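Structure, as structure tokens:
No hydrogens, no waters, no symmetry mates; every other heavy atom, side chains included, goes into these values. All figures in this text were calculated on a predicted structure; none of them were measured in a lab.
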Amino acid sequence: MELGVVRDITDERRVAERLRDRLDFIERIASRIPGYIYQYRIHPDGLAEVPYISEAVRDLMGVEPAQAMRDYTIMTQRVLPEDQVRLRRFTGAALREMQPWQCEYRVRLPDGSLRWHMASVVPHREPDGSVLSHGFTMDITDRKRAEQEIERLAFYDALTGLPNRRLLLDRLQRAVASCLRNRQRGALLFIDLDNFKDLNDTLGHDMGDQLLSEVAQRLVAAVRETDTVARFGGDEFVVMLESLAPDPAEAALQAETVADKLLAHVNQPIALGGQQHYSSPSIGIALFGDQRVGVDELLKRADLAMYQAKAAGRNTLRFFDPGMQAAVNARLHLEADLRQGLARGEFTVHYQPVVDHRARLVGAEALVRWLHPVRGMVSPGDFIPLAEQTGFILPLGHFVLRAACEQLVRWAQSPGTEHLCLSVNVSARQFRQPGFVAEVLDTLRACGANPRRLTLELTESLLLGDIEDTIARMGQLKKQGVGFALDDFGTGYSSLSYLKRLPLDQIKIDQSFVRDVLADPNDAAIVRTILALAKSLDLQVVAEGVETAGQLGFLRLHGCDGFQGYLFGRPAPVEAWDELLYTAR
């Protein structure tokens with residue numbers, strides 16, 4: 001007779017089943033999260049093991065879970081050598097302090113692709129003295145690429161890939177501080193392409209963009225990797241040189257050598273559209289490092305030197321020198337000519353067409369022009385700021401206003417043009433004059449012009465003053481039928497709470513946003529926002545600086561009402577408007 005022992009293992013089976021259920025549950029969770037989880041144990045004797053790692057490690061690291069559990073070093077070997085140092089530093093600090101840690105690093109997968117990973121680990125010490133770390137690693141490559149793209153859009157020029165104005169100013173500020181601290185010199189080279197506008201106008205913007213891209217590459221090739229080449233805007237570039245000699249004369253010689261090299265590189269022929277074209281730069285140089293100078297002042301110095309290079313015949317370089325203050329004398333001469341020019345009849349008013357969404361002529365903007373008997377056509381950018389500073393803007397503004405009213409009267413005499421409107425720019429200084437409202441109304445009455453055909457364009461700087469007085473003045477003119485537009489919208493600091501209180505009819509989108517609306521997502525977003533804001537406030541919108549059919553299409557698509565720019569016509573005397581006026585009829 002055999003005797004045996006019978007043991008009830010029901011409870012053990014239940015425990016085992018519960019354990020399997022829990023493991024299955026953990027595996028199901030682990031298979032659904034965007035990463036892999038693991039345990040990593042370091043024994044008191046220094047030996048390490050991986051008790052558990054989820055199946056997702058196969059996709060993220062190209063390693064089988066069983067392989068990783070046998071030899072965890074196969075994982076660390078995937079990490080780029082330069083990132084392994086940082087990873088070891090985080091791990092070491094966490095183990096010493098028993099604190100959670102997180103680290104981003106790059107891995108090279110078996111297929112050769114480079115990915116970004118982020119590990120989050122929580123360590124704790126067990127009773128036997130070993131350290132057990134619970135970790136979670138996820139792939140953050142898409143996030144990193146998005147961050148890099150955001151940085152590129154914010155700090156780099158979309159066309160050339162060079163640092164933009166914002167990044168340049170940041171680097172320049174750091175360089176100035178570093179030079180002062182280390183007793184070194186630096187140099188700022190302001191570069192403007194000669195006659196670029198002519199090429200852009202004759203060959204088109206596509207060719208102009210190709211030229212700018214080629215020039216950017218040549219500038220980069222001509223300097224050291226440690227130097228900065230930035231696109232400042234338009235056809236303007238800036239090169240910042242650091243770590244020059246402490247001696248001013250030697251530093252100037254080093255900067256001049258670089259500038260000569262830049263001149264030689266840019267002067268080489270450039271193939272555009274199957275033809276050889278030549279471009280040349282004018283370069284202004286300002287040294288820094290001997291005294292504390294703000295970045296804005298440095299840029300002004302280099303810019304001033306660049307204009308001296310232009311004046312010297314172009315395709316050359318000039319250094320900023322205190323002697324350049326002789327330009328003040330030129331300013332005084334220009335001011336004297338400015339005052340005499342109005343009396344001598346040298347000023348005229350040109351008109352730039354404004355069209356609606358069907359490209360039909362609806363009006364124009366009146367723009368003052370100065371034909372000097374010796375200087376020739378003087379740029380408004382040269383004499384308007386001077387007129388503002390000296391107060392000459394008051395008689396000049398009255399001249400433009402009267403000319404515009406007289407033109408409205410002439411248009412009103414013909415059924416084909418009586419519907420046309422005119423807008424006139426009004427400076428903050430004009431608007432603040434005590435008799436401004438009376439002056440406008442008196443001029444309208446004296447000429448017999450219809451106030452409802454006149455729009456006064458104001459700048460956002462008006463909103464920085466007495467807003468209640470501004471609203472009151474606008475209201476007085478508004479009651480008589482005069483319209484108002486907010487010019488260069490988006491470039492100032494207007495408050496939306498003020499904007500909704502102003503009796504405006506129209507806002508004008510500044511050409512700086514329109515220019516790159518197809519290339520710069522930020523500009524495109526700004527334009528769309530302005531159009532949506534205007535619609536919500538029941539305001540008309542005119543986009544300035546429309547030069548291409550692509551810009552026009554974008555603006556039309558997003559609901560813009562009116563358009564102004566070279567695509568429809570340049571500012572010109574009204575006598576040159578025959579074709580436009582015929583179309584208007």
Chi angles and distances behind the ring pair (Phe, Tyr, Trp, His ring centres under 6.0 Å) call for Phe347, Phe383 = CA-CA 11 Å; Phe347 287 92; Phe383 71 84; 5.8 Å; yes

Test side-chain contact (heavy atoms from CB on, under 4.5 Å) applied to Ile270 and Tyr278, step by step | CA-CA 6 Å; Ile270 298 174; Tyr278 292 85; over 6 Å; no

Please walk me through it: do Arg473 and Gln476 pass side chain to side chain donor-acceptor pair (under 3.5 Å)?
-> CA-CA 5 Å; Arg473 287 171 183 253; Gln476 293 175 45; over 6 Å; no

What do the steps show when you test Arg369 against Met377 for side-chain contact (heavy atoms from CB on, under 4.5 Å), and what is the final call?
-> CA-CA 8 Å; Arg369 293 294 183 264; Met377 191 64 78; 4.2 Å; yes

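Within 6.0 Å of the CD atom in Gln433, the count of heavy atoms belonging to other residues, nucleotides or ligands exceeds 12. Counting non-hydrogen atoms of neighbouring residues, nucleotides and ligands closer than 6.0 angstrom, the CZ atom of Phe399 exceeds 12 such neighbours.
With hydrogens and angles disregarded, no donor-acceptor distance shorter than 3.5 Å links the side chain of Glu457 to the backbone of Val426. Looking at Asn267, its side chain does come within 3.5 Å of a backbone N or O of Leu263 through a donor-acceptor pair. Remark: the backbone N or O of Leu167 is paired with a side-chain donor or acceptor of Asn164 at under 3.5 angstrom. Looking at Gln430, its side chain does come within 3.5 Å of a backbone N or O of Ser427 through a donor-acceptor pair. Between the side chain of Asp356 and the backbone N or O of Ala359, at least one donor-acceptor pair lies under 3.5 Å. Gln551 contributes a side-chain N or O that, together with a main-chain N or O of Thr548, makes up a donor-acceptor pair within less than 3.5 Å. Formation of a donor-acceptor pair under 3.5 Å by the Thr455 side chain with backbone atoms of Ser423 is not found in this model.
Between Phe288 and Phe320, a ring centre-to-centre spacing not shorter than 6.0 Å is recorded.
Closest approach of Leu454 and Val440 over heavy atoms only: CD2-CG1, 4.4 Å. Minimum interatomic distance between Asn450 and Leu408 (heavy atoms only, all atoms of both residues): O-CD1, 4.4 Å. A pairwise comparison of heavy atoms in Gln352 and Gln564 identifies OE1-NE2, 3.1 Å as the closest pair. Listed here is the closest heavy atom pair of Val349 and Ala366: CG1-CB, 3.8 Å.
Here the NZ-CD1 distance, from Lys478 to Ile471, works out to 13.0 Å after rounding to the nearest 0.5 Å. Residue His357 holds its NE2 atom at 13.5 Å from CG of Leu555, rounded to the nearest 0.5 Å.
Ion pairing between a basic and an acidic side chain is recognised when a charged N comes within 4.0 Å of a carboxylate O; Asp442 and Arg445 show such pairing. Salt bridge Arg375/Glu346: absent, no basic N to carboxylate O contact under 4.0 Å. For Glu388 and Arg429, the salt-bridge test fails: no basic side-chain N is under 4.0 Å from an acidic carboxylate O. Between Arg432 and Asp469 there is a salt bridge, since at least one side-chain N of the basic residue sits less than 4.0 Å from a carboxylate O of the acidic one.
The shortest distance between side-chain heavy atoms of His350 and Thr348 falls below 4.5 Å. Contact check for Arg453 versus Glu418: no side-chain heavy atoms found under the 4.5 Å cut-off. Residues Arg301 and Val293 form a side-chain contact, since some pair of their non-hydrogen atoms from C-beta on lies under 4.5 Å apart. Counting only heavy atoms from C-beta outward, the side chains of Lys508 and Asp487 approach each other to under 4.5 Å. The shortest side-chain heavy-atom distance between Leu367 and Pro380 does not fall under the 4.5 Å cut-off. Two residues are said to be in side-chain contact when any heavy atoms from C-beta on lie closer than 4.5 Å; Leu342 and Pro395 meet this criterion.
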Show me the donor-acceptor pairs within less than 3.5 Å that the side chains of residues 230-240 make with the rest of the protein, sequence neighbours left out.
from, atom 1, to, atom 2, distance (Å)
Arg231, NE, Gly234, O, 3.1
Arg231, NH1, Asp157, OD1, 3.2
Arg231, NH1, Asp157, OD2, 3.2
Arg231, NH2, Gly234, O, 3.0

Without placing hydrogens or testing angles, list every side-chain donor-acceptor pair under 3.5 Å for residues 525-542, not counting sequence neighbours.
from, atom 1, to, atom 2, distance (Å)
Thr529, OG1, Ala525, O, 2.7
Ser536, OG, Leu533, O, 2.6

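Using bins of under 30°, 30° to 60° and over 60° for the plane-to-plane angle, the ring pair Phe436/Phe431 lands in the tilted bin. Under the 30°/60° scheme for interplanar angles, the aromatic rings of His372 and Trp370 are found to stand perpendicular.
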